[in-house]
2 protein chains.
Amino acid sequence: MDRLQLKQQFIDYFNQYHSKIDWSLFKCEIDLHLLKKGQHLFQQGDDAKRLYFLNSGLVRYCNVSDKGKEYTQSIAKAPRVVGSTRAMTLGTPALFSIEAVTDSIAISFPWDIFYQQMSQDLGFMKAYATFLETIFIQKELKESSIIHLSATQRYLNFCRDFPELPGTMPQQQIASYIGITPIALSRIRARIKESAGSR
Amino acid sequence: MDRLQLKQQFIDYFNQYHSKIDWSLFKCEIDLHLLKKGQHLFQQGDDAKRLYFLNSGLVRYCNVSDKGKEYTQSIAKAPRVVGSTRAMTLGTPALFSIEAVTDSIAISFPWDIFYQQMSQDLGFMKAYATFLETIFIQKELKESSIIHLSATQRYLNFCRDFPELPGTMPQQQIASYIGITPIALSRIRARIKESAGSR
DNA sequence: ATAGGGAATTAACCTAAGTTTATTGGTGCA
DNA sequence: TGCACCAATAAACTTAGGTTAATTCCCTAT
């Protein structure tokens, strides 16, 4: 799998959002990231001014609060654009790390150079806007689920949305995605199993 | 205050995100909304395919869950673009209502016509992308505050972010913004007052 | 083969917030 | 003037989830 192919996967992915993008503007240099499970694309606090494209694998966005609580904000499956919108656009340090849940492959390029080149193209901007709309809507839904649903229901939804993950991903990380402690998740799983058995 | 002035306020607002927007493309018809406190721009479940611009006043985005829990997702002060990104772009019914917290003035136009006209212009698309980046980042921060902070801390932050609102806005609504019941908020306020008195 | 370390489970206890119900306090309206 | 209604508070009780600590299980490295 060479760089050209990886780059083409990125282009194919973005074309999905808008078909008329002038990719001849895209000239910036590409970095390659081969991640082993547990390795990071970048860490909370870094200047994460690059745009990453996850060619294969699975990553999670996680951040640690002042009090040391770890929280998995988001889980992203390839193929997908990943990175910190905030860090890229405002130039502030990233508020989360991106960590490989499974071995993963990604490419990246400096956001400001890439954006400068591509923002000349209307097609790209339309695609980018659609991408932003999509991730915004996802965030709204996640917020709503945190507010309105119980931890049990959020776990069941997690199993529905990522059926391949329970078993693969450590339960601590699943718990942190749901917003609870691993102990609470363990209790919830026990209760689910029990009520399934008694039926 | 006539329509032309209200439209100009919208244009000024958007120019803030990008200065080179070709507003001659903007030809669609404008509706005017004069809202008394408590009235709605649209309601949860409506086809909210319009973009609204809040010229003056204050609104809240609120949604009611299956179980009848009300939650205030967001509070917007004029001048600001408001509306449901999801309902506009996907054409699905709105998941929240927009309600005037104080008497407010807004204008609106059909999103699809507006977008079709304005998306011809690169400057507009850059402004729109920047707008989306901004609201996405705000959502990320709100999610983080829900997960990592206690209700008490979220209340204190609310008072910091909207110093004019405690006293103006009913406490039920403040509670629903923080994600707790009015009873819980009342308890929290009592505890704060008490610990302030004992100091 | 075994010792050590992390992951998951379980139990006991604690705390924040929800629920129910009752009381107080304004505000508007007859 | 007083009634009615809603907002806010308060008290009593329940519950979900956090915290601490002990136990088991499994995997890896020696």
Side-chain angles (χ1 to χ4, degrees), chain A residues 36-39 60 62 64-72 99-103 143-159 165-197, chain B residues 36-39 60 62 64-72 99-103 143-159 165-197:
Chain A
K36 292 246 162 271
K37 177 190 204 165
Q39 288 184 322
R60 68 193 187 102
C62 55
V64 177
S65 74
D66 305 336
K67 286 149 221 144
K69 283 264 131 63
E70 179 173 305
Y71 172 58
T72 298
E99 181 191 301
V101 173
T102 63
D103 292 359
E143 177 181 341
S144 167
S145 89
I146 296 172
I147 288 288
H148 291 301
L149 304 180
S150 67
T152 305
Q153 196 53 56
R154 295 201 304 278
Y155 176 65
L156 293 173
N157 289 356
F158 171 84
C159 294
L165 293 194
T168 307
M169 205 173 164
Q171 285 191 28
Q172 310 183 45
Q173 293 179 11
I174 296 176
S176 109
Y177 179 74
I178 292 165
I180 58 176
T181 59
I183 293 105
L185 178 56
S186 184
R187 260 190 309 233
I188 286 168
R189 283 161 49 85
R191 238 178 285 142
I192 290 171
K193 204 180 289 178
E194 176 192 327
S195 75
Chain B
K36 292 246 161 270
K37 178 188 199 166
Q39 288 186 322
R60 67 192 187 103
C62 55
V64 177
S65 74
D66 304 337
K67 285 149 222 145
K69 284 267 131 63
E70 177 173 306
Y71 173 58
T72 298
E99 181 191 301
V101 173
T102 64
D103 292 359
E143 177 182 340
S144 166
S145 91
I146 296 171
I147 287 288
H148 291 301
L149 304 181
S150 67
T152 304
Q153 195 53 57
R154 292 196 311 271
Y155 176 65
L156 293 173
N157 289 354
F158 171 83
C159 294
L165 294 193
T168 308
M169 205 173 164
Q171 285 190 29
Q172 311 182 45
Q173 292 178 13
I174 297 177
S176 107
Y177 179 73
I178 292 165
I180 58 177
T181 60
I183 293 104
L185 178 57
S186 183
R187 258 189 313 233
I188 285 169
R189 283 160 50 84
R191 238 178 285 143
I192 289 171
K193 206 179 291 177
E194 178 192 325
S195 74

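Quick note on labels: first sequence line is chain A, next is B, and so on, each numbered from 1.
Side-chain N/O atoms of B/Thr181 include one lying less than 4.0 angstrom from OP1 or OP2 on C/dG18. Close to C/dA8, at under 4.0 Å from its OP1 or OP2, lies no side-chain N or O of A/Ser186. Distances shorter than 4.0 Å separate some side-chain N or O of A/Arg189 from OP1 or OP2 on C/dT9.
Regarding B/Lys67, its NZ atom lies at a distance of 14 Å from the P atom of C/dG18, rounded to whole Å. Between the OH atom of A/Tyr155 and the C1' atom of D/dA16 there is a distance of 18 Å, rounded to whole Å. Computed from coordinates, the B/Ile174 CD1 to D/dT9 C1' distance equals 15 Å when rounded to whole Å. Whole-Å rounding puts the A/Tyr71 OH to D/dG17 C1' distance at 16 Å. Distance A/Gln172 CD to C/dA8 C1': 9 Å, rounded to the nearest Å. With rounding to whole Å, A/Arg191 atom CZ is found 18 Å from C/dA8 atom P. Atom-to-atom, CZ of B/Arg187 to C1' of C/dT21 comes out at 14 Å; the value is rounded to the nearest Å. Straight-line distance from the CD atom of A/Gln171 to the P atom of D/dT24: 19 Å, rounded to whole Å.
Under the side-chain contact (heavy atoms from CB on, under 4.5 Å) test applied with A/Ile178, the options A/Gln153, A/Arg154, A/Gln173 reduce to a single match, A/Arg154.
Classified by interplanar angle (parallel below 30°, tilted 30° to 60°, perpendicular above 60°), the ring pair B/Phe158/B/Tyr177 is tilted.
For the residue pair A/Ile188 and A/Ala151, the shortest heavy atom distance occurs at CD1-CB, 3.7 Å.
Of the possible polar contacts, one joining the B/Asp103 side chain to the B/Lys37 backbone as a donor-acceptor pair under 3.5 Å is found.
Nucleic acid contact class of A/Lys69 (heavy atoms, under 4.0 Å, all strands): sugar-phosphate only. If you check every strand for non-hydrogen atoms under 4.0 Å, A/Ile183 touches a base.
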